[in-house]
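Chain letters run A, B, ... following the sequence lines, proteins first and then strands; every chain starts at 1.
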There are 2 protein chains.
Amino acid sequence: MRIGELATETDVNIQTLRYYERRGLLTPPDRSASGYRAYGPDAVQRVRFVRRAQELGFTLQEIGDLLMLWKDSVRSCHAVEGRARAALTRINTKITDLKRMRSALGKYLVACEQRPALDECPLLRLLGGPGEDPS
Amino acid sequence: MRIGELATETDVNIQTLRYYERRGLLTPPDRSASGYRAYGPDAVQRVRFVRRAQELGFTLQEIGDLLMLWKDSVRSCHAVEGRARAALTRINTKITDLKRMRSALGKYLVACEQRPALDECPLLRLLGGPGEDPS
DNA sequence: ATAAACCCTGTACTATGGTACAGAGTCAAG
DNA sequence: CTTGACTCTGTACCATAGTACAGGGTTTAT
């Protein structure tokens, strides 16, 4: 299997596959006599692993760690759990931040909709104004 | 007021202030005879506006737009509302994505904790496994 | 008058996750 | 046997939001 087929199969850009290899996420495959990458069928599995892990919120760095840990699979469960917990914490933090943003922004939008006066934008006012207008 | 004082006052890095100026978020201030930026007191207000807007989830691009719109403040309320709505939509999308990640990851972690068997990590198993490494 | 502290521009680098392009070599079909 | 599709490496570039540094000039206090 050459890189183009792997790309089609996994729906991942060729450049991205080579990028993953550089990042250490894909094991450098055997090469044909002319230097073409020759992937075994496992490669598809591996690429999908990477994409699934990304969907779970792991960074490429963490995914690399995960793959390292996979090598001594039996003893690494604890370490993997740690990574997952770190990802979860990060996700929770982001959700909290975003919710805070959302509620603040939501308030401003309500003010905008109610249009208490016609002459100024409540959103800009509530932001304090960029300088000409002391809030 | 020179740039260092503005930086201290707003708790924003000097480099960042110059970056904001390049991005068009800060009006280029007057210069002293020797070329030093000389800010008026409004500059503090302006920098704080930028930071507050960032906290609401606006990108620097959008903040730039907001500042443009501010110029014709009366007629721009609608346009501002549009930006805010875009930011809100983006925030909601992110929250949804993150919640999906969190619930998936949470399931795996539960499996990890319950440790149904001692010999393999459920998290890696549930990810499908990275493919047996031929190395 | 000299040293510390400050400021200037321009450029390059950080992290994150890729994408694009140049210029060369290789493979398969007509 | 040539054309088109594919692949190779290396390098540069995209967005985002900055940060750092080199190599100068300026201001201020002693």
Side-chain angles (χ1 to χ4, degrees), chain A residues 1-26 28-39 43 47-67 83 86-87 90-91 93-94 97-98 101, chain B residues 1-26 28-39 43 47-67 83 86-87 90-91 93-94 97-98 101:
Chain A
M1 192 185 214
R2 296 194 305 197
I3 199 168
E5 200 183 336
L6 182 59
T8 309
E9 203 70 16
T10 57
D11 213 30
V12 171
N13 192 305
I14 289 179
Q15 322 282 3
T16 304
L17 291 174
R18 292 202 270 245
Y19 172 67
Y20 285 171
E21 188 179 318
R22 278 204 303 284
R23 292 280 310 242
L25 301 176
L26 299 181
D30 292 337
R31 298 296 185 114
S32 75
S34 53
Y36 286 15
R37 287 171 181 81
Y39 294 99
V47 175
R48 295 213 173 117
F49 176 91
V50 172
R51 297 306 260 210
R52 271 194 300 272
Q54 278 192 293
E55 277 165 24
L56 292 181
F58 289 100
T59 64
L60 293 186
Q61 173 64 52
E62 284 168 332
I63 295 167
D65 294 351
L66 249 36
L67 290 167
R83 307 285 161 180
R90 191 174 54 241
I91 287 169
T93 303
K94 278 188 195 157
D97 289 352
L98 288 168
M101 289 176 192
Chain B
M1 190 185 218
R2 297 194 305 197
I3 198 168
E5 200 183 335
L6 181 60
T8 308
E9 203 69 16
T10 57
D11 212 31
V12 171
N13 193 304
I14 289 180
Q15 322 282 4
T16 304
L17 292 174
R18 291 201 272 246
Y19 171 67
Y20 285 172
E21 189 180 319
R22 277 204 303 286
R23 291 280 310 243
L25 300 176
L26 300 182
D30 291 339
R31 299 295 185 114
S32 76
S34 53
Y36 287 14
R37 287 172 182 80
Y39 294 100
V47 174
R48 295 213 173 118
F49 176 90
V50 172
R51 299 305 262 211
R52 271 196 300 273
Q54 277 191 296
E55 277 165 24
L56 291 181
F58 289 99
T59 63
L60 294 186
Q61 173 64 52
E62 284 168 333
I63 295 168
D65 293 352
L66 250 36
L67 290 167
R83 307 286 160 181
R90 190 175 52 242
I91 288 168
T93 302
K94 278 188 195 158
D97 288 352
L98 288 168
M101 289 176 192

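Between the C1' atom of dA12(D) and the CZ atom of Arg22(A) lies a distance of 11 Å, rounded to the nearest Å. Atoms NZ (Lys94(B)) and P (dT16(D)) sit 11 Å apart, rounded to a whole Å. Rounded to an integer number of Å, the gap from Glu62(A) CD to dT16(C) C1' is 12 Å. dT19(C) atom C1' lies 15 Å from atom CZ of Arg23(A), rounded to whole Å. As rounded to whole Å, 19 Å separates atom P of dC21(D) from atom OH of Tyr19(B). One interatomic measurement links the two molecules: CD1 of Ile14(A) to C1' of dG17(C), which rounds to 18 Å at whole-angstrom precision. Atom CD of Glu21(A) and atom C1' of dG18(C) are 16 Å apart (whole Å). Rounded to whole Å, the distance from CE on Met1(A) to C1' on dT7(D) is 15 Å.
Considering only side-chain N and O atoms, Gln54(B) lies under 4.0 angstrom from the phosphate OP1 or OP2 of dG18(D). Put simply, Arg37(A) has no side-chain N or O that comes within less than 4.0 Å of OP1 or OP2 on dC6(D). Here Arg2(A) does not reach the OP1 or OP2 of dA28(C): none of its side-chain N or O atoms lies under 4.0 Å away. When the side-chain nitrogen and oxygen atoms of Arg31(A) are compared with OP1 and OP2 of dT9(D), one or more of them lie within a distance under 4.0 Å. An OP1 or OP2 oxygen of dC8(D) is reached within less than 4.0 angstrom by no side-chain nitrogen or oxygen of Ser34(A). Checking the phosphate oxygens (OP1, OP2) of dG18(C), a side-chain nitrogen or oxygen of Arg51(A) falls inside 4.0 Å.
We find the CG-CZ distance between Leu6(B) and Arg37(B) to be 10.5 Å, quoted to the nearest 0.5 Å. Considering CZ of Arg51(B) and CG of Leu56(B), their distance stands at 13.5 Å, rounded to 0.5 Å. Between the NZ atom in Lys94(A) and the CE atom in Met101(B) there is a gap of 7.0 Å [rounded to 0.5 Å]. Note that CE of Met1(B) and CD of Glu9(B) are 4.5 Å apart. Values are rounded to the nearest 0.5 Å.
The heavy-atom pair separating Gly4(B) from Ile14(B) by the smallest distance is CA-CD1, 4.0 Å.
The end-to-end axis angle of the helix from dA1(C)-dT30(D) to dG30(C)-dC1(D), rounded to 10 degrees and based on five pairs per end, is 30°.
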- Tyr36(A) vs Ile3(A), side chain to side chain contact (heavy atoms under 4.5 Å, CB included): CA-CA, chis, key distance, verdict: CA-CA 8 Å; Tyr36(A) 286 15; Ile3(A) 199 168; over 6 Å; no
- Task: Using the side chain to side chain contact (heavy atoms under 4.5 Å, CB included) rule, take Tyr19(B) and Leu60(B) through it: C-alpha gap first, then chi angles, then the decisive distance, then the call.
- Result: CA-CA 11 Å; Tyr19(B) 171 67; Leu60(B) 294 186; 3.8 Å; yes
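Contact annotation for Ser32(A): no contact, since no heavy-atom pair falls under 4.0 Å across all strands.
Between Gly4(A) and Tyr36(B), it is Gly4(A) whose nearest contact on DNA chain D lies nearer the 5' terminus. Of the two residues near DNA chain D, Gln15(B) and Thr59(B), the one whose nearest nucleotide lies more 5' is Thr59(B). When the nearest nucleotides of DNA chain C are assigned to Tyr20(A) and Ala33(A) by heavy-atom distance, the more 5′-ward of the two goes with Tyr20(A).
A salt bridge links Arg90(B) with Glu62(B): the closest approach of a Lys/Arg side-chain nitrogen to an acidic carboxylate oxygen falls below 4.0 angstrom.
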